[in-house]
Structure formats: structure tokens, C-alpha cells
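In what follows, chains are A, B, ... by sequence order, proteins preceding strands, each numbered from 1.
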Amino acid sequence: MNEYKKIEEKWQKRWADEHVFEASNNSEKPKYYVLVEFPYPSGSGLHVGHVRSYSALDSLARMKRRQGYNVLFPMGWDAFGAPAEQYAIKNHIHPSLAVKENIKTFKSQIESLGISFDWSREFSTTDPEYYKWTQWQFLKFYEHGMAYKAKKDINWCPNCKTGLSNEDAAGGVCERCGSKVVQKEKEQWMLRMSDYAESLIDGLKDTNFAEKIKLGQINWIGKSTGAEVNFKIKDTDEKIIVYTTRCDTLFGATFMVLAPEHPILEKLKDKIKNMDEVIKYQKYAKEKTTFERTELVKEKTGVKLEGITAINPVNNEPVEVWIGDYVMMGYGTGAIMAVPAHDERDYEFAKKYNIPIIQVIEGGDIDKEAYTGDGIHINSGFLDGLNKEDAINKMIEFLKENNLGNEKVNYRLQDWIFSRQRFWGEPIPLVYCDNCGWVPVKEEELPVLLPDVAEYEPTDDGESPLAKITDWVNTTCPKCGAHARRETDTMPNWAGSSWYFLRYMDAHNDKDFASQEALKYWGKVDWYNGGMEHTTRHLLYARFWNQFLYNIGLVPNSEPINTRVSHGMILGANNEKMSKSKGNVVNPDDIVNEFGADTLRTYEMFIGDYEKDAAWSTDSLKGCRRFLDRVIRLQNKLNDKDGYTDEVIVHKTIKKVTNDILNMKYNTAVSSLMILTGAYEKEESITKDDYKVLLSLLNPIAPHITEELNEQNKLGEMLAKMPWPTYDEEKTISNTFEIGVQVNGKLRGSIITNEGESNEEILKKVYELDNIKRNIEGKTIIKEIVIPNKIVNIVIK
RNA sequence: GCACGUGUGGCGGAAUUGGUAGACGCACUAGACUUAGGAUCUAGCGGUUAGUUCCAUGGGGGUUCAAGUCCCUCCACGUGCACCA
């Protein structure tokens with residue numbers, strides 16, 4: 001065991017024994033809530049990527065504590081989900097056992113890094129004491145009509161045998177196993193997340209997320225403003241409602257396209273002459289996965305509904321009606337008006353099936369392609385002569401007045417499919433009674449525990465493994481006492497992580513998910529770090545969940561998080577994502593054992609821009625170890641003097657490190673400490689104050705070795721409890737400057753100037769430089785630019 | 001296709017927001033100390049030149065006394081969303 005490791009274990013124990021990092025729920029100090037995403041404790045153990053974000057936020061938490069804040073910096077485990085279940089299936093043991101083991105490993109790994117987590121608030125989403133409240137909150141959704149069961153064509157993973165949310169099936173493949181997702185009709189519990197679309201956009205203004213994170217949220221919600229237009233079907237009472245963002249082109253609508261599964265087809269089936277063909281096409285479309293349907297390269301297909309004609313509401317012209325799989329039932333109304341002259345997709349379709357194309361906006365060459373730009377409207381009756389924006393407004397007025405349609409906002413965000421056909425998740429706490437229908441489990445009966453069995457295989461018919469456990473399924477109705485059956489679906493992995501940050505505020509409360517006092521005291525998460533891959537979905541789910549709790553009066557803020565940051569990945573030395581198969585995985589344990597946790601932490605802070613990916617380099621890591629060794633050696637040159645040997649560099653460094661930690665510029669914080677160390681090395685000897693301030697500033701990054709050096713040299717109390725150094729702005733500025741001297745913008749020399757020196761004095765020095773004399777010889781000086789403390793530029797001709 | 005990012009030495013990356021480009025570290029070279037060094041110290045380290053000479057921040061153009069930084073344009077790479085009507 002290396003010397004570093006011994007020291008590290010000593011201090012880890014000391015901090016724990018003295019409860020140094022435990023936050024208080026009633027403190028006079030201002031609060032500060034620092035949060036890192038809790039990990040999924042996988043079997044492969046901690047990744048060096050975890051170390052990066054934990055170290056980074058640890059340095060923030062440690063600094064904030066020393067600046068006088070009551071800091072909450074908790075850690076827990078997001079442990080429901082497929083991997084633990086897969087492991088359980090294979091080995092016929094309960095997933096909770098595997099989870100327990102993995103948590104143990106993860107925790108000891110994190111502890112060996114000396115991260116200042118408040119372990120007194122630790123929990124796992126799989127603890128019954130925790131998921132009781134996840135279930136309780138689900139019942140709140142249910143009580144408020146926000147949870148409902150619906151038969152839906154859902155994304156189905158035939159390999160995992162489970163339903164997936166749209167989010168989990170992005171790209172048409174199962175996020176977990178990569179299998180092709182197919183459509184399957186199933187009853188699913190849904191949360192009315194789409195009701196919150198507008199408020200999820202709106203709430204972003206109350207956050208301090210990075211612009212690109214806000215944008216990710218906005219794009220995912222996918223708001224679009226347009227209009228719904230009613231098209232009557234000739235010789236029937238039926239109408240088809242379409243959604244369009246370009247109602248100004250209505251005069252150019254020559255056909256309509258319905259999604260193949262559009263419900264109106266059923267109503268019109270007697271009138272459709274080619275129903276055989278239609279049914280055949282519907283089958284064809286259904287067999288395809290969403291992914292194949294949305295493949296861009298694919299040629300458009302469709303079937304004309306023979307015998308059906310719609311009427312264009314603005315000019316009463318007949319309009320052909322088609323079905324085509326390029327129209328999705330899940331967006332808008334599942335029907336579009338097609339304007340081939342001004343929409344690329346409609347253009348392609350019209351060309352293929354020889355449907356008339358009418359240009360209604362000037363511009364482009366519609367013999368070749370659709371024109372989608374702005375322009376003057378033509379062939380458009382009362383819109384003629386208007387541009388796009390005016391035409392849209394006028395058309396909406398017209399539609400409203402004539403009862404033909406309305407303005408309409410649409411969102412891509414859909415309701416959250418909340419059912420999973422899995423064993424290892426929170427059971428949905430409802431029972432079905434033949435008399436009473438769905439009935440919530442009584443609050444005092446929560447949590448609905450997962451049964452203790454040994455078979456976890458999902459069934460082929462799409463039921464949860466829980467369905468086979470009849471002892472568990474059979475129960476009595478909480479309302480009427482008759483025989484009833486438990487819901488066997490469980491919640492998605494995202495459920496437990498949607499509110500865990502609230503639980504940390506009052507982690508062991510058995511009366512409530514957290515007391516109102518605790519929720520009020522801690523308020524929002526001040527600083528939340530996580531991976532870029534979670535910035536859209538997890539954040540959206542958590543915000544939705546919290547907004548709902550806010551609306552029913554259970555939490556004090558509608559937005560739960562103030563600042564959100566995300567770290568870049570640590571890649572393998574070959575610049576590729578670390579993976580076992582590529583053999584480029586670095587195990588943090590090995591690094592801690594060989595070089596020490598402080599070295600690893602310092603290196604990962606120094607590795608580069610925190611938000612960007614960075615490749616691992618053991619050579620650079622060694623450089624950081626060398627740096628710490630140099631800091632250790634400095635203790636041999638302490639003298640008996642007081643104060644700082646060089647005030648300017650010390651105050652500058654305090655300022656730099658303080659601001660850099662706040663601004664996530666950890667790499668330059670480390671670099672400025674290296675510079676300070678280098679400056680000390682050049683001195684004959686340094687004072688204890690010099691040394692102490694270096695250790696003090698380095699402490700949030702390399703906490704163990706700095707504590708040890710501080711103690712051994714009797715510099716003062718434990719650094720973790722020592723107030724953070726402050727700087728004096730005036731003392732950060734030196735009173736002499738070496739500034740560059742340019743001639744016509746080209747550097748020709750440099751001079752030393754003093755603070756407050758006049759331009760005349762400066763220029764006098766400039767013209768004494770040989771190289772300046774040489775360069776201006778025989779030329780006319782046009783201008784002399786003197787920027788004090790920065791630069792001099794002589795313009796000549 | 002749309003949106004957002006990013007392009008700086010051999011490498012990771014700095015640059016007080018328009019003011020001496022390459023901080024800091026790695027790698028490398030030479031030297032010192034040494035039985036030895038993969039320890040430590042000292043010096044050097046973008047290219048080029050006789051030269052503090054000239055050229056250099058993806059390419060081209062522009063604004064300015066001054067551009068890595070601002071504007072226009074093109075190129076390359078990355079990420080997200082994707083037939084969104």
C-alpha cells in the first residue's frame with residue numbers, strides 16, 4: 001500500500017467519526033444544495049467517469065462549506081431496472097441481493113475517493129421505505145386524474161418483453177438491448193405529461209440551466225403553432241380535421257392524407273370502394289416499426305380512398321383522400337392537408353401518384369421541387385398579394401369566422417407510458433375489483449412490497465412476471481372487500497429518480513416523503529450535475545413530477561433545480577468510449593491503490609474542459625502525482641516569518657481558485673495552484689502562511705494530503721473546518737507590468753511600466769528601445785496608442 | 001434535412017472577453033547530481049530565418065491602431081432531434 005493511501009484512509013475515518021460533512025436541517029447558516037446524479041450501481045463497479053463529476057462537485061461542496069454555508073451534498077442509489085433483474089433471472093436469486101452487493105462495492109469505492117457526501121442521508125430507490133413514497137406519489141397522480149389506463153399501440157421490445165416509452169424507444173430500437181421495437185396493443189398506465197407541455201417550457205425561465213440544456217428540453221417538447229382545419233366529406237356528415245402550420249396554403253391543398261390507422265376509416269368503410277386494398281395497406285403499415293416508417297430514404301407509399309371526396313373549405317373544390325404511412329397517428333390529428341407545391345413530402349407523393357399541384361406562393365420552380373419559402377400569395381382568393389405571416393393570420397380569422405377551424409398549438413411531447421412488464425420495479429399500487437374497478441391501495445398498506453420469489457422471467461404474452469405469482473396477485477378490494485387482483489405492471493426506472501432529490505432533504509422520515517419544513521428549508525437544488533445523456537429526459541420527468549407536486553401543494557417550488565451542469569465523458573486512452581470489449585477501461589480502484597485518490601482527483605479536475613469529453617492519459621496522471629509530491633516537499637522550506645512572501649501571487653491565486661471552482665473551470669484552478677507551487681519553489685524559504693494558503697486552496701481538490709500536511713506542520717485546525725481564504729481585490733494587482741510594444745500591430749519589444757505612470761513616461765521608455773528606434777527610423781509616426789498596463793502600439797507610415 | 005456545438009504546437013489544453021497567442025501539464029531534447037535512475041534539479045521545446053526576420057489559432061474575405069476573440073462566407077468533425085404536417 002502506498003503512503004498516500006494510508007493517509008487517505010486515516011482522514012476518511014476522521015471525517016466520518018467527526019461527522020464533518022453531515023448537513024443540518026436546522027441551521028442559522030445559509031443553505032446550499034449540491035447534487036450529483038445518483039448512480040445505477042452496476043456490477044462492473046465505479047467508472048472513472050463517476051470520479052470526474054463527484055470530484056468536481058465535491059470541490060464545490062467543500063469550498064461552500066468553508067465559505068459558511070450549510071451544504072447538503074447527498075448520495076444514494078438508483079437501483080431498480082433491467083441489469084439487476086437479468087442477473088437475478090440468470091442466477092435465480094432475488095435482485096435485491098445483487099443490488100445489495102453492488103451498492104456495497106460502489107460505496108466503498110466512493111469512500112476511498114474521499115468525496116464529502118453526507119452518508120447519513122443515503123438510500124436506494126429499491127428500499128421499501130423509499131418506494132413506499134414513490135407509490136404514494138403515484139396515487140396522488142391517480143387521485144388527481146393524472147394517471148389513467150389506456151389501450152395503446154405501444155413500443156414493444158420483443159427481447160426484453162416489455163413496453164417502452166417513446167423516449168426509451170428512440171430511433172426505433174430498445175434502449176436497453178438494442179432490439180428492434182415493434183408495435184403492440186396493450187393496456188398501459190399513462191401519466192398526463194402532455195398537459196404540462198406548456199408549463200414545462202414556461203418553467204425554464206425560472207431555472208438557470210445552460211442554454212443548450214434548455215434548448216434540448218424545448219425541442220423534446222416540440223411546440224408548434226398552427227391551425228386545425230375541418231374538411232367535410234362529400235355526401236356524408238363526417239369531417240376530417242387536419243393540423244397544419246401553413247394554413248395560408250390552403251388554396252393549394254389538392255389532396256389529404258390520413259394515417260393508416262385513422263379511426264374515420266372504420267366509419268367510412270361502407271363508402272370506400274377499395275376497402276380490401278385499404279386493409280391490406282393497414283396491415284403492411286402495422287408490421288413496420290416506427291423506425292422503418294420514419295426512415296427518410298424510403299419512398300412514399302399510400303392508397304387512395306376510392307369513392308371518398310373531401311371538400312376544400314375555402315374554395316369548395318373537391319379534394320382526394322389518401323392514406324399513407326408518412327402521416328403519423330400520434331402527432332396532430334393524424335391527418336394532413338397536402339399542399340404539394342409548398343411541402344417537400346406532399347410534392348414527392350403528388351408526383352408519384354399524379355395528383356394536381358397548384359402553386360399558391362410566388363417563388364421557386366415547382367416543376368422541379370416544392371417551394372417552401374416565403375412569398376406573395378397567388379391563386380388564393382382573399383389571400384392574394386399577402387406574405388406568409390399576414391396570410392396565416394388572415395386565414396385563421398377566416399376559419400374562425402366561418403366555423404371551419406381554429407388556431408391550434410401542438411406538442412410532440414406525449415403522455416408518459418408509465419407501465420413496465422417487469423419484476424424489478426415499484427409495483428403500481430392499485431387493485432382491480434370486478435365491482436369497483438380500479439381501486440388504490442390504502443395509504444396505510446403501502447408500500448406494496450415485491451414478493452420474495454426466485455423466478456423473474458417475463459411472459460411471452462406481455463404480462464409482468466408478477467402475474468404468475470398468484471399469492472401475490474390475489475387480494476381483496478380495499479373498497480368493498482370482494483376478491484380483487486393486484487396490478488402486476490411496475491413503474492419505469494425513471495420513477496424513482498424523478499423525486500429522489502426531495503427525499504434527501506429528510507431522508508428517514510416515515511410519516512411523509514419529506515416534511516414540509518425540510519422541503520421549505522432546502523428549497524431548490526442549487527447545483528445539479530449529471531451526464532449529458534440525462535439532460536433531456538430525466539430532467540423533464542423530474543420537472544414534470546415536481547410541478548405536479550407543486551400544483552397539489554406538496555412542494556414549495558414549481559421548479560426543483562436552479563443550475564444544471566453536465567460533465568463530459570472520460571474516454572479511453574485511444575479516444576474511444578471505455579468498454580470491456582475494447583480493453584480500454586480504467587478501474588479507479590487500481591489508480592487509487594497505485595497513485596492515491598488525491599492524485600486521481602487532481603488529474604480528473606486537470607484533464608480539460610469539464611463539459612467536454614477527454615481521453616485518459618496515465619502519463620498526465622503521473623504529472624499530477626508529481627505536482628502533489630512537490631507540494632509535500634515544500635514543507636521542508638518553511639521559515640519562522642509571518643504573512644505572505646509575495647502578496648500579489650497569493651491573492652491572485654485565491655481569487656482564481658475561488659472563481660474557477662464556482663465556474664467549473666477546475667483545470668485552470670489546478671493550473672493556478674501549480675503556478676503558486678512553482679513560485680514557492682523559487683523562494684529561498686516560505687512562511688507558514690504561504691504554505692497554509694496553498695494547502696487550504698488545494699484542499700477541495702486533494703483533501704487528504706492537504707489535511708495531513710496541515711496537521712503535520714501544525715498550521716491550524718482541520719482544513720475541512722477552516723474558513724475559506726479570502727482575497728483583497730487591490731492586492732491581486734501588481735504595481736509593475738511588463739507590457740508589449742508594437743509597431744503597426746507587430747510586436748517589437750517590451751517595457752516595464754509602473755501603476756499610474758503617465759503616457760509620456762511610458763512613451764519615453766518605448767522610444768529608448770533599440771528595436772523600436774530601428775523600426776521607426778525614417779518613418780512618420782501617425783498615432784501612438786497607449787493602453788496602460790496592457791500594450792503600446794506605434795502606428796507609422 | 002433542421003437545431004446546437006467544436007476546430008489553437010507532437011498531445012491534453014490556456015488566453016483577464018478586442019490588447020505580448022501557446023499559461024499549466026504531458027511527451028520530447030540537452031545538461032547536472034548519481035553505482036543506477038522510470039527519482040530530483042537546470043535549460044530548451046509552433047514553424048522559419050543571418051536576424052525580435054517572416055509565417056502561424058480549419059480555409060477565404062472584411063471591420064480595427066490592434067482579431068484566436070467581432071462580421072460575412074466556405075470546409076471538416078461532433079452531438080441531439082428527425083416524414084412533426
Side-chain angles (χ1 to χ4, degrees), chain A residues 170-171 211-213 215-216 218-220 222-224 226 242-247 249 256-257 259 291 293-298 300 324-328 330-339 343-346 348-349 410-412 532-533 535-536 575 602-603 606-609 611-624 626-627 629-630 633 652 655-656 659 665 667-675 677-678 681 732-733 737-751 769-772 774-775 782-787 789-796:
Chain A
E211 217 40 50
K212 75 173 172 189
I213 293 174
L215 214 71
I218 289 167
N219 288 344
W220 195 274
K223 181 176 182 173
S224 101
V242 303
Y243 174 72
T244 176
T245 54
R246 293 297 305 275
C247 63
T249 61
M256 314 179 63
V257 185
F291 186 58
R293 272 181 76 171
T294 54
E295 221 73 85
L296 250 186
V297 286
K298 185 197 61 136
K300 301 216 171 351
D325 67 1
Y326 80 97
V327 176
M328 310 290 152
Y331 184 78
T333 60
I336 62 162
M337 65 177 209
V339 184
D343 180 283
E344 284 163 22
R345 294 151 299 173
D346 300 345
E348 193 190 321
F349 196 86
N410 247 312
Y411 303 93
R412 202 166 55 208
M532 204 53 215
E533 71 277 15
T535 49
T536 309
N575 232 320
T602 306
Y603 168 59
F606 189 59
I607 196 168
D609 185 331
E611 295 188 273
K612 285 195 202 132
D613 293 352
W616 180 267
S617 156
T618 304
D619 278 334
S620 284
L621 173 96
K622 287 178 188 161
C624 289
R626 274 201 283 270
F627 163 57
D629 288 341
R630 282 162 61 201
R633 263 180 262 128
K652 240 186 203 166
K655 180 179 177 181
K656 180 84 180 137
N659 291 336
K665 306 195 89 178
N667 53 339
T668 50
V670 174
S671 125
S672 70
L673 289 166
M674 288 171 169
I675 292 168
T677 302
E681 284 169 340
T732 63
I733 302 157
F737 304 87
E738 190 186 356
I739 67 170
V741 180
Q742 301 176 330
V743 175
N744 280 356
K746 284 188 175 150
L747 190 69
R748 296 299 179 204
S750 67
I751 54 167
L769 293 174
D770 288 346
N771 201 34
I772 298 299
R774 204 174 331 141
N775 271 283
I782 297 171
K783 217 173 183 183
E784 294 163 328
I785 291 153
V786 180
I787 312 289
N789 309 346
K790 291 216 164 134
I791 206 158
V792 176
N793 190 10
I794 310 295
V795 186
I796 58 167

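Looking at the side chain of A:Arg412, the nearest of the listed nucleotides B:rC26, B:rU20, B:rC81 is B:rC81. With B:rG19, B:rC41, B:rU53 as the candidates, the nucleotide lying closest to the side chain of A:Ile785 is B:rG19. Out of B:rA85, B:rC26, B:rC24, the shortest distance to the side chain of A:Met328 is found at B:rA85. Checked against B:rC81, B:rC4, B:rC65, the side chain of A:Lys212 finds its nearest nucleotide in B:rC4. Among B:rC41, B:rA14, B:rC83, the nucleotide with an atom closest to any side-chain atom of A:Thr668 is B:rA14. For A:Met674, whose side chain is taken as the heavy atoms from C-beta onward, the closest listed nucleotide among B:rG19, B:rC83, B:rG25 is B:rG25.
Pairing partner, B:rA21: none, since no Watson-Crick or wobble contact has both distances short of 3.5 Å. Using N1 to N3 plus N6-O4 or O6-N4 for Watson-Crick, or N1-O2 and O6-N3 for G-U wobble, each under 3.5 Å, B:rC84 pairs with nothing. Pair check for B:rA3 finds B:rU79; Watson-Crick or G-U wobble, both atom distances under 3.5 Å. In this structure, B:rC26 forms a base pair with B:rG10, meeting either the Watson-Crick or the G-U wobble geometry with both donor-acceptor distances under 3.5 Å.
Rounded to the nearest Å, the gap between the C1' atom of B:rG19 and that of B:rC11 is 29 Å. Comparing the C1' positions of B:rA23 and B:rG46 gives a spacing of 15 Å, expressed to the nearest Å. The separation of B:rG68 from B:rG61, taken at their P atoms, amounts to 15 Å, rounded to a whole angstrom. To the nearest whole angstrom, the two P atoms, one in B:rG37 and one in B:rA50, are 38 Å apart. The P atoms of B:rU17 and B:rA27 are separated by 33 Å, rounded to the nearest whole Å. B:rU20 and B:rA66 have their P atoms separated by 15 Å, given to the nearest Å. Nucleotides B:rG9 and B:rU57 have their C1' atoms positioned 10 Å apart, rounded to a whole Å. B:rG5 and B:rA39: their P atoms are spaced 44 Å apart (whole Å).
As a whole-Å value, the separation of A:Asn667 CG from B:rC26 C1' is 14 Å. In this entry the distance linking CD1 of A:Ile787 with C1' of B:rU64 reads 12 Å, nearest Å. Atom CG of A:Asp613 and atom C1' of B:rG12 are 13 Å apart (whole Å). One atom, CG of A:Asn775, and another, P of B:rU52, lie 13 Å apart when rounded to the nearest Å. Going from atom CZ of A:Phe606 over to atom C1' of B:rG25 covers 4 Å, rounded to whole Å. Distance, A:Lys622 NZ to B:rA27 P: 8 Å, rounded to whole Å. Atom pair A:Ile751:CD1 and B:rU52:P shows a separation of 21 Å (rounding to whole Å applied). To the nearest angstrom, P of B:rU64 lies 18 Å from NZ of A:Lys746.
The phosphate of B:rA85 has OP1 or OP2 within less than 4.0 Å of a side-chain N or O from A:Ser224. Put simply, A:Lys665 has a side-chain N or O that comes within less than 4.0 Å of OP1 or OP2 on B:rA15. Contact between the side-chain N/O atoms of A:Arg748 and the OP1/OP2 oxygens of B:rU53 is found at a separation under 4.0 Å. In terms of phosphate contacts, A:Arg630 brings a side-chain nitrogen or oxygen within less than 4.0 Å of OP1 or OP2 of B:rG25. For B:rG51, neither phosphate oxygen OP1 nor OP2 lies less than 4.0 angstrom from any side-chain nitrogen or oxygen of A:Arg774. At the phosphate of B:rA85, neither OP1 nor OP2 sits under 4.0 Å from any side-chain N or O atom of A:Tyr243. Regarding contacts with the backbone of B:rA27, a side-chain N or O of A:Arg626 is found under 4.0 angstrom from either OP1 or OP2.
Along RNA chain B, the nucleotide nearest to A:Met532 and the one nearest to A:Gly222 differ in position, and the one closer to the 5' end is contacted by A:Met532. Two residues, A:Asp629 and A:Gly216, neighbour RNA chain B, and the one matched to the more 5' nucleotide by heavy-atom proximity is A:Asp629.
You'll find a donor-acceptor pair under 3.5 Å spanning the side chain of A:Asn793 and the base of B:rC65, going by distance alone.
The CZ atom of A:Phe737 sits 14.5 Å away from the OG atom of A:Ser750 when rounded to the nearest 0.5 Å. Here the CD1-CD1 distance, from A:Ile213 to A:Ile218, works out to 12.0 Å after rounding to the nearest 0.5 Å.
Across all strands, A:Thr244 comes closer than 4.0 Å only to sugar-phosphate atoms, never to a base (heavy-atom distances). Looking at heavy-atom distances under 4.0 Å, A:Asn771 makes contact with a base. Residue A:Ile675 is in sugar-phosphate contact alone, with no base atom involved, counting any heavy-atom pair closer than 4.0 Å across all strands shown. Residue contacts shown for A:Ser750 are absent, as no nucleic acid heavy atom lies under 4.0 Å away. In this structure, A:Gly623 reaches the sugar-phosphate backbone alone: every heavy-atom distance under 4.0 Å involves primed, P, OP1 or OP2 atoms, never a base.
Base orientation of B:rG10: anti, since the glycosidic angle falls outside 90° of 0.
Taking every heavy atom of both residues into account, A:Val795 and A:Asn744 meet most closely at CA-OD1, 3.3 Å.
Contact of the A:Ile791 side chain with the A:Ile739 side chain is not registered, since no non-hydrogen atoms from C-beta on lie closer than 4.5 Å.
In summary, the side chains of A:Ser224 and A:Tyr411 do not present any donor paired with an acceptor at a separation below 3.5 Å, with no hydrogens or angles considered.
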